[in-house]
K.L.:
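What follows is a structure written as structure tokens; I'll ask about it next.
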There are 4 protein chains.
Amino acid sequence: MSETTLTISARRARPRPGQECTRHHVLETVYDLISEHGIEGLSMRQVADAAGLSTGTINYHFGNKQSLVIAALESAYELPSDWEQYCGSPSAQLRRLVFGYVCRSPRDRFWRFWINYLAASTRNDELSAHQRTRYERQERFWARLIRDAVKVEEFKKSLDPQHEAEQLLSLAHGLVVRQLVLPYAEVRAEARALLGARIDSFRE
Amino acid sequence: MSETTLTISARRARPRPGQECTRHHVLETVYDLISEHGIEGLSMRQVADAAGLSTGTINYHFGNKQSLVIAALESAYELPSDWEQYCGSPSAQLRRLVFGYVCRSPRDRFWRFWINYLAASTRNDELSAHQRTRYERQERFWARLIRDAVKVEEFKKSLDPQHEAEQLLSLAHGLVVRQLVLPYAEVRAEARALLGARIDSFRE
Amino acid sequence: MSETTLTISARRARPRPGQECTRHHVLETVYDLISEHGIEGLSMRQVADAAGLSTGTINYHFGNKQSLVIAALESAYELPSDWEQYCGSPSAQLRRLVFGYVCRSPRDRFWRFWINYLAASTRNDELSAHQRTRYERQERFWARLIRDAVKVEEFKKSLDPQHEAEQLLSLAHGLVVRQLVLPYAEVRAEARALLGARIDSFRE
Amino acid sequence: MSETTLTISARRARPRPGQECTRHHVLETVYDLISEHGIEGLSMRQVADAAGLSTGTINYHFGNKQSLVIAALESAYELPSDWEQYCGSPSAQLRRLVFGYVCRSPRDRFWRFWINYLAASTRNDELSAHQRTRYERQERFWARLIRDAVKVEEFKKSLDPQHEAEQLLSLAHGLVVRQLVLPYAEVRAEARALLGARIDSFRE
DNA sequence: AATGAATGAGACTTCATTCAT
DNA sequence: CATGAATGAAGTCTCATTCAT
């Protein structure tokens with residue numbers, strides 16, 4: 001509404017991609033940036049620059065920084081792309097999910113993102129609620145897989161699915177902490193071994 | 001809080017009579033504020049107000065925010081004050097330490113502080129080194145306690161102290177995550193039970 | 001909303017069949033929104049959403065915000081719809097008009113709109129001119145009604161119509177201010193009583 | 001905390017005036033700017049530039065824009081500097097206050113400020129509360145002056161002080177509206193005459 | 001005729017840091 | 001030793017406006 005903006009005309013000529021595509025592209029960027037700089041270290045300008053957009057566009061699509069971060073979290077938790085190939089066996093599915101808790105590199109993108117999100121969620125109710133929901137959903141899902149595995153006799157009958165899921169998830173998270181603190185290949189290998197051994201102990 | 005600036009060390013290393021007291025008081029305040037608002041959520045004005053000093057004074061004593069935060073992190077880790085009373089029994093000592101991983105309230109000061117420290121350490125080499133040292137020292141200490149407990153026959157001989165310490169520590173950290181995500185009394189009770197059961201399983 | 005840009009007039013003056021309806025609908029919306037949020041508190045997105053159109057469409061029809069606001073201000077002043085039924089008696093007509101200065105609710109749409117218009121007009125020549133014209137027309141009209149009422153002997157002969165109209169209008173506006181500052185039912189009732197009493201004092 | 005700010009050193013060398021002096025200086029500036037551009041037309045940058053300070057300093061002293069505006073309102077309502085000379089006579093005091101409602105120029109600073117504040121207050125509870133308080137205090141004060149004037153027999157006994165104060169204040173505000181809409185010297189003279197006549201009518 | 005994604009300037013505000021006192 | 005007013009960069013977010021579709 002100021003005089004200056006009235007006389008200056010837009011100079012942009014870049015073609016626009018589809019809307020959903022833009023959102024997805026931005027979320028990828030955010031996910032990367034958070035794992036690199038943390039949540040409060042993430043600035044909207046940074047996101048805009050990295051995504052090749054303007055800050056206005058980012059806010060146009062996501063409303064505000066918090067929603068952007070939450071959207072990034074949501075999109076980060078998705079079933080692995082190779083999920084279908086495990087569909088036949090609940091125990092294989094469980095193993096696939098649990099091995100997701102093994103870092104893939106000393107600076108694993110996802111788990112660095114996660115630890116930052118977790119820290120932020122201790123002082124933000126909305127983030128916290130999302131985190132809680134995810135956690136509980138994960139636990140229930142693992143419990144169901146264990147139950148199913150028991151049914152098809154992949155796991156032994158004596159297991160308490162809920163209880164085992166809880167312990168397994170806790171161990172997995174504890175090992176994530178360990179891998180973040182000790183970012184060495186051998187620690188990651190150890191984590192994988194420990195988790196594998198735990199799942200194996202579910203078999204007869 | 002970027003990595004580059006963290007290498008700047010505090011300017012003054014020559015404590016004077018009245019100074020040390022002021023410094024300690026400020027650090028206590030900072031610890032509290034970090035566990036409440038996170039590291040980047042900590043402002044110098046906040047610190048000054050909470051400590052009943054002026055921003056100028058804070059900077060006079062610590063040079064800058066970086067040094068202040070580092071100093072606070074350093075001073076945050078101390079052995080529990082009731083440590084002596086457990087000195088006779090290694091297993092009692094271990095139990096005492098492990099139960100330190102049970103949150104004392106839905107917003108436990110120490111563990112909220114810890115998660116913020118951990119997140120920050122993923123993008124700061126100096127913090128990361130501190131964290132790693134702490135972690136390894138803790139693990140070695142627990143392993144030694146287990147070894148001692150085996151020696152005095154509180155724990156069974158078949159244990160691999162190093163291996164058990166590692167798993168126990170991972171479980172403990174995983175349960176801390178669980179308690180932070182699910183800040184309910186029952187979850188804390190469960191964590192305590194699980195850790196207790198694990199230690200009990202070390203006995204014959 | 002700076003004076004300089006206000007001189008820009010709407011680009012399109014050639015209404016087409018379906019267009020006029022859209023324009024009218026939008027202007028109604030704008031009037032509502034201004035009385036609620038003020039002129040600078042009005043955003044194009046808000047207008048678009050409230051009117052069920054897109055921002056592009058609003059700008060397509062009105063060129064820019066300035067023109068939109070001006071158009072809304074223009075269309076806001078209309079004679080009351082029940083005007084005809086008072087046509088017989090000048091004093092009844094006057095009473096009808098004067099009672100229009102009594103707010104109908106604590107957040108009367110029209111008078112909230114008016115105060116925003118008035119404030120804006122103090123720093124915009126075009127609005128100011130409109131406002132002045134309206135004011136003078138109103139005063140002349142009231143004076144004429146008083147004169148007519150004197151003629152048909154509803155009011156006493158000794159009145160100076162011009163002078164009385166001026167004072168009555170001033171009192172009415174002063175009471176509007178009062179009602180805006182003190183948005184209570186009793187203040188509105190008092191205003192009505194005061195205005196009624198003043199008109200009654202015109203009778204023999 | 002970023003690297004850039006750490007290396008760039010302050011370049012300022014301007015001496016600092018006393019704190020209360022700074023506040024007062026800023027408020028004068030704000031008052032001027034609001035009467036010129038309205039409340040939403042007032043930007044913190046503008047204030048800072050006009051006052052020869054930085055935006056940070058403005059916020060340091062006033063916290064935020066709203067508090068700044070309110071502070072400006074409060075400081076705008078102060079007893080006239082020549083108040084003492086009227087102290088002997090309540091009616092002279094009243095006359096002095098009432099004539100404050102006559103604009104001193106076609107673009108009277110105070111009343112332009114006031115109308116903007118009034119408009120803004122219709123959509124902001126805090127502004128509104130301040131406005132209401134001021135209004136009621138003013139009315140009570142005028143009523144008291146009238147009552148005192150009756151006591152010392154400057155005004156006739158038959159007056160209802162509360163009622164007359166209310167009407168006088170409304171008339172005064174109505175005339176302010178008139179003067180803002182019709183910014184002519186003769187209208188201001190007329191307003192003065194009308195208000196004077198009304199006060200004169202209080203005498204025996 | 002209509003859309004809505006994209007823009008970029010500019011708004012308010014916060015904050016680590018400095019320095020005259 | 002201690003203060004706190006002042007700074008100015010950077011943060012988030014809003015918004016009128018444009019233009020390819």
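Here the structure is a predicted model, which means the values were calculated and not measured. Throughout, a chain's letter reflects where its sequence line sits, starting with A, and its residues are numbered from 1.
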K.L.:
Using only side-chain N and O atoms of A:T22, determine if any of them is under 4.0 Å from OP1 or OP2 of E:dA6.
P.N.:
yes
K.L.:
Quick one: pull up OG1 in D:T29 and CD1 in D:I58 and give me the separation to the nearest 0.5 Å.
P.N.:
7.5 Å
K.L.:
For A:F62 and E:dA5, give me the distance from atom CZ to atom C1', rounded to whole Å.
P.N.:
13 Å
K.L.:
Check the distance between E:dA16's P and B:E40's CD and give it to me in whole angstrom.
P.N.:
11 Å
K.L.:
F:dT17 P sits how many Å from C:K65 NZ, rounded?
P.N.:
8 Å
K.L.:
Any pair with a residue in residues 42-63 of chain D that passes salt bridge (charged side-chain N to carboxylate O under 4.0 Å, His left out), sequence neighbours left out, goes on the list, sorted by first then second residue, please.
P.N.:
none
K.L.:
Nearest 0.5 Å, please: how far is NZ in D:K65 from CD1 in D:I70?
P.N.:
12.5 Å
K.L.:
Identify which nucleotide among E:dT17, E:dT13, F:dT12 has an atom closest to any side-chain atom of D:T55, counting heavy atoms from C-beta outward.
P.N.:
E:dT13
K.L.:
Can you sort out the partners of C:R112 under side chain to side chain donor-acceptor pair (under 3.5 Å), two or more places apart, ordered by chain and number?
P.N.:
none
K.L.:
Considering heavy-atom distances to DNA chain F, does B:S54 or A:Y60 have its closest nucleotide positioned more toward the 5' end?
P.N.:
B:S54
K.L.:
How many angstroms lie between CD1 in A:I34 and CG in A:L68, if you round to the nearest 0.5 Å?
P.N.:
7.0 Å
K.L.:
Does anything in residues 26-52 of chain D pair up under ring-ring contact (aromatic ring centres under 6.0 Å, His included), and if so which pairs, sequence neighbours excluded?
P.N.:
D:Y31-D:F113
K.L.:
Measure the distance from CD on B:Q66 to C1' on E:dT17 and round it to the nearest whole Å.
P.N.:
13 Å
K.L.:
For the pair made of CD1 in A:I58 and C1' in F:dT14, what is the distance, rounded to whole Å?
P.N.:
15 Å
K.L.:
Which residues satisfy the side chain to side chain donor-acceptor pair (under 3.5 Å) test with A:T57, sequence neighbours excluded?
P.N.:
A:S54
K.L.:
In whole angstrom, give the distance that lies between atom CG of D:N59 and atom P of F:dG11.
P.N.:
17 Å
K.L.:
Go through DNA chain F and write down every stem, that is, every run of at least three consecutive Watson-Crick or G-U wobble pairs with distances under 3.5 Å, as range with range.
P.N.:
E:2-21 with F:2-21
K.L.:
Send over the distance from B:H25 NE2 to F:dA2 P, rounded to a whole Å.
P.N.:
13 Å
K.L.:
Hey, does the side chain of C:H61 come within less than 4.0 Å of E:dA2's phosphate (OP1/OP2), counting only N and O?
P.N.:
yes
K.L.:
Taking only the side-chain nitrogens and oxygens of D:T57, find out if one of them lies under 4.0 Å from OP1 or OP2 of F:dA6.
P.N.:
no
K.L.:
Let me spell it out: for each of C:G56 and D:I39, pick the nucleotide of DNA chain E with the closest heavy atom. Which residue's pick is nearer the 5' end?
P.N.:
C:G56
K.L.:
Out of curiosity, B:Q131 CD to B:L127 CG, how far, rounded to the nearest 0.5 Å?
P.N.:
8.5 Å
K.L.:
Tell me which residues in residues 41-50 of chain A put a heavy atom below 4.0 Å from DNA chain F, sorted by number, or none.
P.N.:
A:L42, A:S43, A:M44
K.L.:
In whole Å, I'd like the distance from the CG atom of B:N64 to the C1' atom of E:dA16.
P.N.:
9 Å
K.L.:
We want to know whether A:D125 and A:S128 form a side-chain donor-acceptor pair, criterion being a heavy-atom distance below 3.5 angstrom.
P.N.:
no
